[in-house]
There are 2 protein chains.
Amino acid sequence: MTQRRVTIKQVAAEAGVSITTVSHVLNDVPGKRVHPDTKDRVREAAARLGYLPNSLAQSLRTQRSNTIGFIGDEVATTPFAGKMILGAQDVALSRDAVVFVVSTGYQREVENREIEELLRRQVDGILYASMYHRAVELPPQLASVPTVLINASCTTDGIPWVVPDEVAGGEDAADVLLGAGHRRLAFINDVDEIPAAFGREEGFRRRAAQAGLRDDDLQVVTAETDPAGGYAAARQLLESDNRPTAIFCFNDRLAMGVYRAATELGLRIPHDLSIVGFDNQEFVADGVFPGLTTIELPHYDMGVWATEQLFDRIEGGPRKAGPAPTTRLRGPVIHRDSVASPPWVQDPGERREPSDRRGNAGSDGAAPTIRTNK
Amino acid sequence: MTQRRVTIKQVAAEAGVSITTVSHVLNDVPGKRVHPDTKDRVREAAARLGYLPNSLAQSLRTQRSNTIGFIGDEVATTPFAGKMILGAQDVALSRDAVVFVVSTGYQREVENREIEELLRRQVDGILYASMYHRAVELPPQLASVPTVLINASCTTDGIPWVVPDEVAGGEDAADVLLGAGHRRLAFINDVDEIPAAFGREEGFRRRAAQAGLRDDDLQVVTAETDPAGGYAAARQLLESDNRPTAIFCFNDRLAMGVYRAATELGLRIPHDLSIVGFDNQEFVADGVFPGLTTIELPHYDMGVWATEQLFDRIEGGPRKAGPAPTTRLRGPVIHRDSVASPPWVQDPGERREPSDRRGNAGSDGAAPTIRTNK
DNA sequence: TTGTAAGCGTTATCAG
DNA sequence: CTGATAACGCTTACAA
């Protein structure tokens, strides 16, 4: 059935010119002037035959495949992978490129095989993505091809990387709570010692200190980052003498447990207890009641940034001047309904206005702020 | 920096043979007998140089790219995409193939461009995936390349497709509830008229009827498939005269709303109300308290099945005999803690044993059953 | 303004 | 058993 695809030769024949000419007009080669009439004839012929240049042949000749690889440690169990991939493919498509997606499942051998397959296919570059913010060691085979890290940092130099601005996230969370008038805060942090844990705590503490909170007005505890962990930590926090009026949670899943604890203790959210989460896992943050105000992780934007960097490097030749760029991207705060002023506060300070969903590719400037409907 | 990759020519030189011979030994060409010593020399040379055959050149020559495309309507906003992709890439990798992932965002123009890019790259075949079970119309450009549908059906003949077995899902949900001794059931279905809605209702009703339930022992209402929709429907259901003791929800998100309604009405889950969901959206089903018993959608398995079919077609030449295979895959029921026997029931019937997570690629046979820890 | 021919890295045909 | 050599479909000096 699948009759052989139409080639440049057929187009040439159809247009009554040589294949060289076809190539010239179809590629708009700079120095070459081709008679307008000829051009038209060629274009028509190509269109008539439905000619699509064979990318493999082009790549073989030009040493450029317009193809990049996306290597993820896991692609199925987190909702984040999709956003990074989408960011990557959006900018890829704008350069007529397509992306190979492979998932390693954290297995070195699988990773090696996949890298090999990608290399054999002459990918122009590789995006190496982690599902959670961490430091990685770059597989040595990748040394030969432009590579950019997403949601991960590394010490190999010459490798650009992008991660979320965790500190800013912690600050933003604090600002939301402080802005509403809260003065007794708690932070349920991840037990694991990872960049996100350090960064968010640092930012949160800094703002609390700047706001003049005393040491025992800010409790920090750690927990497993799941509902059970959040529940346990929240019970402890909420039954203590100096009960906080607001809790910042390392992530949304953990926050679910805090909701439960609050409910069990008869505390109403947000009236008796305000909560801010992290991640903006839509089905979670938007599914709990009342909706969870949370800090979004900039996965899509990281995908975009990384891919743009990647193409820069691919096009910029071997190595651009100066060290590789790295950046931390700030995620927007998503306002829902889990934050209110404590009863004794009159003026909760101004509430920020809604803004657009995707406006924040930069890492500096004030945090964009978002209010969801519903 | 990136010195030109090593080619077959260099290997030939290094081994002191012709490139033909190198090709012969590296590919183990059937009819060709090469002296064992020569073989060794070649293999060593290849290894020493770190030779990786250029896949582009191979493809150009053999007309086989060992590359497939995965076209999804959206890849970022659902947790399902990742599983289908993983299924696809797992089988692809086992055939030394890699998969291009593209997302159309439901935009025809984007889809067309992407299809074009894939075709230009000579993909051997295409997986066309929908994020929710529906009937699709196949883009005509795909006629020229082997294609298999995932989570979607179509009428174009010759096109294999795989979808979830919705009817079985409805039956399984009913069985769980009926098995626990419930006799007053409700089903909150999707308002949208989609295959999932029809199928699940059919299966659920069938089993209820088989169990001898009277018509008014099974209420079916419809709602938006989000927490708010579930909440509203549940309030209505639970405040009625003939309050059901168990509710089957079209999906897990909707079930979240049912949890809230139950809590507000002072009904305890599962003691006063049993709930079964659908989808097994991990962070939701596993995040609510108590954990939600639910029917999993077989996304991974659908990805696997489709990709195997795809390779069959690719290898089987133009068209295999007979009509294209299609199938409905059953998802396992995931037992958590949202189902119990109503108080008046003595023996809830036997509870099934835990089983393995991936054992169910087939669509027939009893539903595999899974109990999560925690 | 157009065309010839070399070459990108392989595989496959056909001789030696 | 081994090796020239012609494709595969395209781009690009270089000629005409």
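Each chain gets a letter, A, B and so on, in the order the sequences are listed, and its residues count up from 1.
- The pair B/E117-B/R121 counts as a salt bridge, with a side-chain nitrogen and a carboxylate oxygen less than 4.0 angstrom apart.
- Of the possible polar contacts, none joining the A/D124 side chain to the A/I68 backbone as a donor-acceptor pair under 3.5 Å is found.
- Within 4.0 Å (heavy atoms only), B/S59 reaches no atom of the nucleic acid at all.
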Exercise. Between protein and nucleotides 4-10 of chain D, map the contacts as a letter string: B base, S sugar-phosphate only, - none, heavy atoms under 4.0 Å, written 5' to 3'.
Key: BBBBBBB
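- At a threshold of 4.0 angstrom between heavy atoms, the contacts of A/V29 with the nucleic acid are absent.
- Along DNA chain D, the nucleotide nearest to B/G16 and the one nearest to A/K32 differ in position, and the one closer to the 5' end is contacted by B/G16.
- At distances below 3.5 Å, not a single donor-acceptor pair connects side-chain atoms of B/N151 with backbone N or O atoms of B/A129.
- In this entry the distance linking CG of A/L26 with P of D/dT12 reads 13 Å, nearest Å.
- Contact check, B/T21 against D/dG3: a side-chain N or O comes under 4.0 Å of OP1 or OP2.
- Look at A/D73 and A/R134 and you find a salt bridge, because one of the NZ, NE, NH1 or NH2 atoms lies within 4.0 Å of a carboxylate O, short of that distance.
- The pair B/R43-B/D28 counts as a salt bridge, with a side-chain nitrogen and a carboxylate oxygen less than 4.0 angstrom apart.
- At a threshold of 4.0 Å, the pair A/R95-A/E308 does not count as salt-bridged, since none of the basic side-chain nitrogens sits closer than that to a carboxylate oxygen.
- For the pair B/D28 CG and C/dA12 C1', the interatomic distance rounds to 16 Å; values are reported in whole Å.
- For the pair B/Q10 CD and C/dC8 C1', the interatomic distance rounds to 13 Å; values are reported in whole Å.
- Between A/K39 atom NZ and C/dT1 atom P there is a gap of 9 Å when expressed in whole angstrom units.
- At whole-Å resolution of the value, CG in A/L119 and P in C/dG9 are 15 Å apart.
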